[in-house]
Structure formats: structure tokens, C-alpha cells
Amino acid sequence: MPAAMKGAISFGLLHVPISLYTATQDNDLRFHQLCREDGSRVKYKKICASCGKEVSGNGIVKGFEIEPGRYVTLTDDDFEKAKAEKDRTIHILHFADLQDIRPIYFDKTYHTVPEVGGDKAYELLRRCMLEEHTVAIAKGVIGQSEHLMALIPTETGILTETLFFHDEVKAMPREPAKPDISEQELSMGKMLISGMKESFEPAKYHDEYRDRLWGIIQAKANNQEITQAPAEQQVSVINMMDALQQMLEQAKAKGAPNVRQRSRRKVPKQ
């Protein structure tokens with residue numbers, strides 16, 4: 001797997017050589033566009049707006065429009081020249097509590113792997129952050145963009161999470177209303193949450209929609225009949241209290257121990 005970045009982490013006088021590797025992958029099914037009439041692939045051509053000729057990949061350069069119709073072109077060497085030596089380093093700005101970072105700021109995750117000669121300094125940084133329950137806020141350049149980052153220690157290494165800058169985060173279109181909630185509704189809602197609480201085990205979850213779609217693709221490839229997934233029964237609920245009560249009963253029927261234990265206490269009536 002090629003590294004997304006090779007550089008170092010700068011922590012005071014410590015210099016930790018590292019490489020960043022993408023930590024996630026996109027497993028979505030990919031589709032081609034086909035002509036409805038004969039099923040042939042639909043292809044897109046890149047055409048020069050001036051001469052009308054098709055332009056291949058190696059004949060295309062990047063250009064920045066400085067005024068209408070006037071461009072400054074840049075090569076890969078130009079982008080590299082723009083990087084100072086410090087841009088090849090992830091500079092730790094300060095440390096913070098992970099819970100202080102709102103989830104909306106998280107962007108993309110990288111495995112941060114020490115290079116030759118960096119193991120001890122890397123382990124020192126990882127252990128210190130882990131035992132102090134803290135993360136490092138840093139900045140560095142990946143590709144052609146500078147990123148704000150959070151270095152997060154784990155039991156086995158360090159994850160680097162790129163963060164959106166504040167001006168990249170959109171405000172909520174409108175703030176939700178906050179109607180009054182009765183103590184009875186709160187108590188039942190908390191009881192339901194307590195009964196459904198369990199450890200997060202990532203291996204338990206998978207993309208069911210993709211599985212069903214793949215099944216349809218295989219069936220159509222083998223000229224088999226396509227069956228529609230059964231629709232879930234929609235239960236008509238009169239009000240929120242009825243909904244909470246029904247959900248508690250369903251949770252108890254599934255054997256949720258916390259619900260069984262807490263449901264013995266009567267909920268005070270309003």
C-alpha cells in the first residue's frame with residue numbers, strides 16, 4: 001500500500017519519522033453507464049474548447065484562472081516547490097481532550113506508522129498521550145493541501161484524523177425546537193436506552209443493502225427471478241408515551257436485562 005505522506009511528527013525537540021497510510025476503504029458497488037438501446041458503454045471524451053480535438057491524460061495540465069479566460073498553469077514540480085521543509089512535517093500545536101472535538105470536524109483517518117529510527121520516540125508519544133487521556137492537535141500538508149489534524153493514541157499505535165477547518169463546517173440550517181418533555185417520558189426513554197446499551201463491536205455490522213444489491217446482480221446475471229424484500233410492518237402509534245411503552249415491551253421480550261431490572265420500578269404518573 002503506498003503511503004499518503006512520508007514525513008515526520010515534530011513534538012518539541014523530538015522528531016519522529018513516520019508515514020501515513022489510509023485507514024479506511026470504500027466498498028460500494030461500482031456501476032458503468034450503458035446505452036439503453038444496445039447496452040454499450042457510454043464514454044466521456046475530454047475535448048479542447050479551442051481546437052475541438054480530444055486531449056489525452058498526459059496532455060492535460062492544471063491551471064488557475066486569475067481573470068476571465070486567463071490561466072496560470074502549474075506542474076507537479078511547482079506544487080513540490082511550494083512546499084517548505086516544514087510542510088513535510090506534522091507539527092504538534094498543543095494537546096487537548098478528545099471529547100472537546102465535535103464529531104462534525106472529523107474528516108479522514110490514517111494509520112500513523114513509524115519509520116526506521118523513530119520507534120522509541122513514537123512509542124514515547126503514544127504512551128504519554130494514552131496515559132494522559134489526551135490527543136495532539138497538529139497541522140501538516142498531505143498532497144497539495146494543508147490539514148488540521150488530531151493525533152489519537154490507541155492500544156496498538158497512533159491514528160491521524162484530518163479535521164475540517166472551522167470555516168469549512170456549515171451551520172445547522174435551523175435549530176430544532178425544544179418542546180417540554182415530561183419526567184415520565186424522560187424516565188421511560190432512559191430506561192429504553194439503558195436496556196439497549198451494549199459494547200460497540202465493529203465486526204458485528206455490515207452493509208445489508210449492498211448484500212441485497214449484489215444478490216440482485218447475481219440473480220439477473222443467472223436469469224433468475226428477482227424477489228422483493230418483504231416490507232416491515234408499520235405499527236400505528238397514537239402518541240409518544242404509547243410508542244415508548246411498546247418499545248420497552250419489545251426490548252423486554254428480546255431479553256434485555258437492564259430493561260427487565262429497571263422496569264420493576266413504577267414510573268411516577270404526572
Side-chain angles (χ1 to χ4, degrees), residues 1-28 79-172 175 190 193-207 258:
M1 179 194 304
M5 172 196 175
K6 283 185 176 289
I9 296 173
S10 173
F11 171 37
L13 297 179
L14 286 178
H15 190 77
V16 189
I18 55 94
S19 291
L20 296 185
Y21 296 87
T22 53
T24 58
Q25 63 185 13
D26 183 357
N27 288 333
D28 282 350
F79 286 109
E80 286 302 314
K81 289 174 184 175
K83 293 181 182 179
E85 189 58 38
K86 69 180 183 66
D87 294 328
R88 294 176 174 84
T89 302
I90 297 174
H91 294 271
I92 293 178
L93 307 176
H94 62 87
F95 295 90
D97 292 330
L98 182 60
Q99 59 265 30
D100 289 343
I101 307 174
R102 291 171 53 205
I104 196 172
Y105 284 95
F106 288 111
D107 182 18
K108 188 172 183 179
T109 308
Y110 294 88
H111 289 299
T112 310
V113 180
E115 291 293 314
V116 177
D119 294 290
K120 189 164 186 177
Y122 177 95
E123 179 61 8
L124 173 66
L125 179 61
R126 186 195 71 83
R127 282 278 302 276
C128 289
M129 288 197 295
L130 193 65
E131 294 180 14
E132 289 298 310
H133 306 288
T134 190
V135 300
I137 304 301
K139 286 178 74 176
V141 174
I142 301 177
Q144 297 165 4
S145 302
E146 184 176 62
H147 294 271
L148 186 63
M149 305 173 181
L151 275 57
I152 304 174
T154 70
E155 291 295 334
T156 56
I158 296 175
L159 294 176
T160 293
E161 186 83 28
T162 57
L163 306 174
F164 290 108
F165 286 103
H166 181 67
D167 60 2
E168 295 176 311
V169 176
K170 293 182 178 181
M172 188 181 295
E175 189 171 329
K190 291 177 181 178
I193 290 173
S194 176
M196 295 177 66
K197 191 172 182 180
E198 59 182 85
S199 299
F200 174 63
E201 300 176 21
K204 289 170 54 177
Y205 316 100
H206 64 280
D207 190 337
N258 292 340

Nearest non-hydrogen partners of [X] and [Y], listed with the distance:
| X | Y | value |
| --- | --- | --- |
| Glu161 | Thr109 | OE1-OG1, 2.5 Å |
| Ala138 | Leu151 | CB-CD1, 4.1 Å |
| Tyr105 | Val169 | CE2-CG2, 3.6 Å |
| Phe164 | Ile104 | CD1-O, 3.6 Å |
| Leu98 | Phe106 | CD1-CZ, 4.0 Å |
| Val141 | Met5 | O-SD, 3.7 Å |

Is there a side-chain contact between [X] and [Y] (heavy atoms, below 4.5 Å)?
| X | Y | result |
| --- | --- | --- |
| Thr22 | Met1 | yes |
| Tyr110 | Leu159 | no |
| Met149 | Leu163 | no |
| Val135 | Pro153 | yes |
| Ile137 | Ile92 | no |
| Asn27 | Asp207 | no |
| Ile158 | Ile18 | no |
| Ile90 | Leu20 | yes |

Inset, instruction - Verify the neighbour count for atom NE2 of His166: are there more than 12 heavy atoms of other residues, nucleotides or ligands below 6.0 Å? - result: no

Inset, instruction - Answer yes or no: are there more than 12 heavy-atom neighbours, outside Glu168 itself, under 6.0 Å from its atom CD? - result: yes

Legend entry - Steps toward side-chain contact (heavy atoms from CB on, under 4.5 Å) verdict (Ile193, Lys197): CA-CA 6 Å; Ile193 290 173; Lys197 191 172 182 180; 5.5 Å; no

Inset, instruction - Let me see the working for Ser19 and Lys6 under side-chain hydrogen bond (donor to acceptor under 3.5 Å, both in side chains), right down to the final yes or no. - result: CA-CA 4 Å; Ser19 291; Lys6 283 185 176 289; 3.3 Å; yes

Legend entry - Main-chain N/O of Asp28 paired with Asp26 side-chain donor or acceptor, under 3.5 Å: yes

Legend entry - Donor-acceptor contact present, side-chain Glu131 to main-chain Cys128, <3.5 Å: no

Taking atom [atom1] of [X] and atom [atom2] of [Y], what is their separation to the nearest 0.5 Å?
| X | Y | atom1 | atom2 | answer |
| --- | --- | --- | --- | --- |
| His94 | Thr134 | NE2 | OG1 | 9.5 Å |
| Ile152 | Leu130 | CD1 | CG | 12.0 Å |
| Tyr122 | Glu115 | OH | CD | 11.0 Å |
| Glu146 | Thr162 | CD | OG1 | 12.5 Å |

Legend entry - Stepwise side-chain hydrogen bond (donor to acceptor under 3.5 Å, both in side chains) test for Ser10 and Thr89: CA-CA 6 Å; Ser10 173; Thr89 302; over 6 Å; no

Inset, instruction - Measure centre to centre between the rings of Phe11 and Phe95, then say whether the value is under 6.0 Å. - result: yes

Inset, instruction - Decide salt bridge (Lys or Arg N to Asp or Glu O under 4.0 Å) for Glu123 and Lys120; before the verdict, give the C-alpha distance in whole Å, the side-chain angles of both, and the deciding distance to 0.1 Å. - result: CA-CA 5 Å; Glu123 179 61 8; Lys120 189 164 186 177; over 6 Å; no

Inset, instruction - Assess whether side-chain contact (heavy atoms from CB on, under 4.5 Å) is satisfied between Ile9 and Leu14, documenting all intermediate values. - result: CA-CA 8 Å; Ile9 296 173; Leu14 286 178; over 6 Å; no

Inset, instruction - May I ask you to say whether Lys204 pairs ionically with Glu198, meaning some side-chain N is under 4.0 Å from a carboxylate O? - result: yes

